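None of the values given here were measured: they were computed from a predicted structure. Start at 1 with the first residue, then count along the sequence.
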Amino acid sequence: MRRSSPAGSKWLAIALASLVLCTGCAFAPRPNKLSGNRAFIDYWPPDPNSKGLRLAVKDNIDMKGVVTTAGSEIFSVTHKPAKKDAPCLAIARQRNVQIVGKTNLTEFAISPSGMNEYFGTAVNPLKRNLIPGGSSSGNAVAVASGEADVAFGTDTAGSCRVPAACCGVVGLKTTYGLIPIEGVYPVEPAHLDTVGPMGKDIAHTVQGMELLQNGFGAKYAAAKAAKPTARSIRVGRLKLKGTDQKIDEAIDDALAKTGFQVVELGESLSDKFEQAEKDGNTVASSGAWISDERFQFALGVTARTQSVIRFGQVTYTTGYRSALARRGAWQRTLSKVFETVDLIALPTLQKTPPGIPLLNLRMGILEAEMLQLQNTVAVNFAGNPALAVPVPLHRAKAPVTSLQLIGPRLAEADLLNAGRLVENAVKR
């Protein structure tokens, strides 16, 4: 189990109590509006004669002429179509990329499970009874099931990497501020929100990044040329308490097969990482309150989402400012680590994805459980980029787990090059 302070345990207990109380009774019946695997909220079949890239877009990103639902009934019913595209779609539009749909997500992108009571929950292609992960659940399911080649998602506390880990695909969290977030429904835009690509493999994720940043292809080619093999890449291995032994073994095996220079990072960094996780969760939770306060009692917003928003008020009042006061020290800590290693490696999730609850009675507990399992929000808290790439997992309920590689600011090309080397090695 993770080591936690009495204060941290107290607030987790309050979070659990709040979530269970607000979600303990069954939700009112809601229509399952989506068919099939429920990856898409709006789907436009691609031209069968075209071999062009198929792009899916998370439905909290504005697309001209389409209602941005943010996964919510209230937006679906009351909002008008967006008047213009979000700027992050500009390159895709210029290149006439086929946009095949707007993807499903957890309501307002504020829950890590991937569950959606109104549109229905996207079905995990690895195993139907496992959660797809959130909030970019539809993205992960769409690319894993072959309905899209690339998807644009958002990542506030792990929302690209967590579903990528749950569904066995690749997700890239970009450096904070690199990709414009105008026209994206916010969670915590002042410190955490990012836009990033997801793909079925590294090559497609690179293509997605090329659609988000002009000139990225050249940066990636330069990274490959500079370090064509893993022997010249120093990877700091970070281990965290509470991680399933099989997952740690799978991560170590993937790093060894790839041939990186692996440097063990000490317990001091692990403790600081865990504190940054707590602080990042505090800031993300507070962001849900800041962005969505007006919906805490609104009809058309699920009880689960309302409880998350109300808990955000607690964290905003009690911990938001003190957490942000520690952000600079955490950023400096990571910068110091990157003076001795090129990348940091650890699991994206500490355990395999949980199963989908049979009853809504467990929904709130599931969200709290996911916050404890994901090793992602500390990266958002620092503003650094990170890559989630699938690696084999044996004798477990899921056939893959996910290696997370963290890099210095603006190291997206280096991360994807390292991911390429991992992908090639574990496939052999």
Side-chain angles (χ1 to χ4, degrees), residues 40-42 55-72 74-76 79-93 97 99 101-112 114 116 119 134-140 142 148 150-164 171-198 208-209 211-214 280 283-295 305 308-309 312 376-377 379-380 383 385-386 412:
F40 290 95
I41 289 174
D42 279 302
L55 172 66
V57 178
K58 186 177 180 179
D59 201 17
N60 62 342
I61 299 173
D62 283 350
M63 183 185 299
K64 185 178 180 179
V66 182
V67 173
T68 303
T69 73
S72 180
I74 194 169
F75 283 9
S76 176
H79 276 203
K80 295 180 180 179
K83 293 182 178 179
K84 61 181 181 179
D85 287 337
C88 64
L89 297 181
I91 299 173
R93 293 295 200 190
V97 172
I99 298 178
K102 300 293 291 295
T103 55
N104 200 2
L105 65 153
T106 54
E107 190 170 32
F108 301 148
I110 60 174
S111 298
N116 188 300
F119 289 109
S135 63
S136 305
S137 52
N139 279 3
V150 174
F152 287 171
T154 60
D155 195 313
T156 298
S159 291
C160 281
R161 290 160 290 156
V162 170
L172 177 63
K173 183 261 177 212
T174 55
T175 302
Y176 177 77
L178 178 63
I179 308 301
I181 57 172
E182 177 190 347
V184 176
Y185 188 75
V187 179
E188 215 290 350
H191 305 96
L192 304 181
D193 290 356
T194 60
V195 172
M198 300 171 68
M209 195 62 202
L211 295 175
L212 288 170
Q213 185 185 29
N214 267 319
V283 175
S285 175
S286 300
W289 164 256
I290 294 167
S291 295
D292 299 314
E293 173 187 358
R294 64 196 184 278
F295 299 121
T305 299
V308 172
I309 295 169
T376 51
V377 71
V379 187
N380 300 77
E412 284 81 1

Heavy-atom check, side chain of Thr68 versus side chain of Asp59, under 4.5 Å: yes
Validation row: Asp193, Val184 side chains within 4.5 angstrom (heavy atoms): no
Backbone N/O of Asn104 and side chain of Asn116: donor-acceptor pair under 3.5 Å: no
Thr175 and Glu412: side chain donor to acceptor below 3.5 Å: yes
Stepwise side-chain contact (heavy atoms from CB on, under 4.5 Å) check, Ile99 with Phe152: CA-CA 10 Å; Ile99 298 178; Phe152 287 171; over 6 Å; no
Atom pair CH2 (Trp289) and CD1 (Ile309), whose distance is rounded to the nearest 0.5 Å: 9.0 Å
Note, Asn380 side chain near Arg161 side chain (heavy atom, < 4.5 Å): yes
CA sep, side-chain torsions, deciding dist, call: Ser111, Val308, side-chain contact (heavy atoms from CB on, under 4.5 Å): CA-CA 8 Å; Ser111 298; Val308 172; 4.1 Å; yes
Heavy-atom pair of closest approach, residues Ser159 and Pro163: O-CG, 3.1 Å
side-chain contact (heavy atoms from CB on, under 4.5 Å) between Met198 and Asp155, intermediate numbers included: CA-CA 11 Å; Met198 300 171 68; Asp155 195 313; over 6 Å; no
Side chains of Ile91 and Asn214 in contact at under 4.5 Å (non-hydrogen atoms): yes
Flag side-chain contact, heavy atom, 4.5 Å: Val67 against Pro81: yes
Any donor-acceptor N or O pair under 3.5 Å, side chains Thr154, Asn60: yes
Test item: Lys102 side-chain N/O and Ile61 main-chain N/O as donor-acceptor pair under 3.5 Å: yes
Ala164 versus Ala140, closest heavy-atom pair with distance: N-CB, 4.2 Å
Side chains of Lys173 and Thr194, donor plus acceptor under 3.5 Å: no
Stepwise side-chain contact (heavy atoms from CB on, under 4.5 Å) test for Ile110 and Glu188: CA-CA 10 Å; Ile110 60 174; Glu188 215 290 350; over 6 Å; no
Parallel, tilted or perpendicular, as decided by the 30° and 60° cut-offs, for the rings of Phe295 and Phe75: perpendicular
4.5 Å side-chain heavy-atom contact, Asp62 and Lys83: no
Nearest heavy atoms of Cys160 and Gly153, plus distance in Å: SG-C, 3.7 Å
Heavy-atom check, side chain of Cys88 versus side chain of Leu212, under 4.5 Å: yes
Student check: side-chain heavy atoms of Pro197 and Thr174 closer than 4.5 Å: yes
Contacts of Tyr176 that satisfy ring pair (Phe, Tyr, Trp, His ring centres under 6.0 Å) - sequence neighbours left out: none
Under 3.5 Å side-chain donor-acceptor pair for Ser76 and Thr69: no
Gln213 CD to Leu178 CG distance, which is reported to the nearest 0.5 Å: 4.5 Å
Nearest-0.5 Å distance that lies between atom CD1 in Ile74 and atom OG1 in Thr305: 11.0 Å
